[in-house]
There are 2 protein chains.
Amino acid sequence: MSTLKTQYHHGDLTKSLLQSAALIIKEQGVESLSMRKLADTVGVSRTAPYHHFKDKNALLCALAEKGFHEQESMLFALKAEQKPATDVFKQYVHAYLEYALQHNETYDLMYGRTLWKAGTPSDSLKAASKQTFKAWIDWVEELQEQKVLPNSNTPLRIGQTTWASLHGLARLFIDGIYLDKEDLADMVEQMIKNLCSTSA
Amino acid sequence: MSTLKTQYHHGDLTKSLLQSAALIIKEQGVESLSMRKLADTVGVSRTAPYHHFKDKNALLCALAEKGFHEQESMLFALKAEQKPATDVFKQYVHAYLEYALQHNETYDLMYGRTLWKAGTPSDSLKAASKQTFKAWIDWVEELQEQKVLPNSNTPLRIGQTTWASLHGLARLFIDGIYLDKEDLADMVEQMIKNLCSTSA
DNA sequence: GTGCAATTTTGACACTGTCAAGATAGGTTT
DNA sequence: AAACCTATCTTGACAGTGTCAAAATTGCAC
């Protein structure tokens, strides 16, 4: 009623949809998000969302994309810290896992099957993921120069494998295979030892 | 018509369902497996499968369970080989990834969200998974004694983290995030270096 | 052959994603 | 101010899903 943005009948349905969807997903999991219920909770008719997102896949892509931007800025924020590189890396690993567990449903959208295999990742989602991955690889290269990560291979390879390790740990918790979060810190520490042994 | 087993109208619907389901899943992905289509391809009415499996979840659990048994016997087969422990471990890592990529849909059922989070893992599935995990941890302990894997932590922790690493790599390929299978062998080699550096 | 129990089918319900066609209403042009 | 256009939203509809309840079928033991 008073914003500057074009705001027809609803106000800003696009944003409302994203917000509500994120909430539902967070609280009840992505599989219990239906376009119809979503429309209902936002207060519009079943098919109204389809004028803002091509389909369900597109909506989820948008959510995932936001996740990538968050994760990327998390990385940049940490990189900017004035601390020994080793400490920053350790901190990043902890932060990565923490983010993954805290925003587990978003994390799943970002990297999970739903979008990348069962669904169709949008171009902008692919771009966002590629960009954060590149940021990561660049940082890996720096970390290699600073002898934090092993030099036994290219930045790409080291980046791929170390990330895979973090990702694997995250997934085991997210999917409910590892449950005991007491153990998480312990595992993370052990994982860091694996990743940082510069002889490897 | 001629088997010993009790075989009423169909023959052995239970087995037929599992086989067809496995095939459909392998070729088209788990999301395009519907109970109705499955019943149709097997040649029975929509609800016939429900007398053999409580629900779709139960059917998928059965498939996953089979996967665990396969994986476990794969482990035992390798363990029995008369070779240096390091070589056997390397071989196992390669075999693990190969299995995961070859039977990617089964692998996803075994460890993915579908059953463990979105669904309800059956008791026998939980038992099977626990059992293979235990077999893994036991082997890790041996590998630690043989200085193949690091002694910096308990068998459980080392087992958890090394498995997480393998799992992460597998997932990235399965979910279509890493696609270039040319690189796989390279990554696996690098991963092995990470995992085996006995100083960590 | 009769009866029982395992097995299968038919019918039904509530839910899903999404398309097509119509209604509405805000902003722009005249 | 009126007319128009276009973005937005709604209603109706269709095909598909998992699965329950009740009825039908069938093989086996007696």
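Because only heavy atoms are used, hydrogens play no part in the values below, and waters and symmetry mates are left out as well, while side chains stay in.
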Tell me whether the centres of the aromatic rings in A:Trp163 and A:Tyr111 are closer together than 6.0 Å.
yes

Pairwise N/O distances under 3.5 Å, protein to nucleotides 19-23 of chain D:
residue	atom	partner	partner atom	Å
D:dT19	OP2	B:Tyr50	OH	3.0
D:dT19	OP2	B:Lys56	N	2.9
D:dT19	O4	B:Arg36	NH1	3.1

Residue pair B:Ser34/A:Gly43 against DNA chain D: nearer the 5' end by closest nucleotide is A:Gly43

A:Ser45 side-chain proximity, nearest of D:dT17, D:dT10, C:dT8
D:dT10

Test salt bridge (Lys or Arg N to Asp or Glu O under 4.0 Å) applied to B:Glu31 - qualifying residues, sequence neighbours left out:
A:Arg113

Gap between atoms CD1 and P, on A:Ile24 and C:dT16 respectively (whole Å):
11 Å

Rounded to the nearest 0.5 Å, how far apart are CG of B:Leu156 and CG of A:Asp186?
9.5 Å

Output the rounded distance in Å from NE2 (B:His52) to C1' (C:dT8).
8 Å

How long is the span from the CG atom in A:Asn194 to the OG1 atom in A:Thr161, to the nearest 0.5 Å?
11.0 Å

From CG of A:Leu13 across to P of C:dA25 the rounded distance in Å is 16 Å

Look up atom NZ in B:Lys181 and atom CG in B:Leu101, then write down how far apart they are to the nearest 0.5 Å.
5.5 Å

Touch class at under 4.0 angstrom, heavy-atom based, for A:Leu38 against every strand present
nothing

D:dT17 C1' sits how many Å from B:Asp40 CG, rounded?
14 Å

Expressed in angstrom and rounded to an integer, what is the separation of A:Leu33 atom CG from C:dT18 atom P?
11 Å

d(NZ, B:Lys37; C1', D:dA15) in whole Å:
12 Å

Rounded to whole Å, the CD-P distance (A:Glu31 to D:dT17) equals 19 Å

Just distance, no hydrogens or angles: give the donor-acceptor pairs under 3.5 Å from side chains in residues 86-95 of chain A, sequence neighbours left out.
residue	atom	partner	partner atom	Å
A:Gln91	OE1	A:Lys83	NZ	2.9
A:His94	ND1	A:Lys90	O	3.2
A:His94	NE2	A:Glu189	OE2	3.4

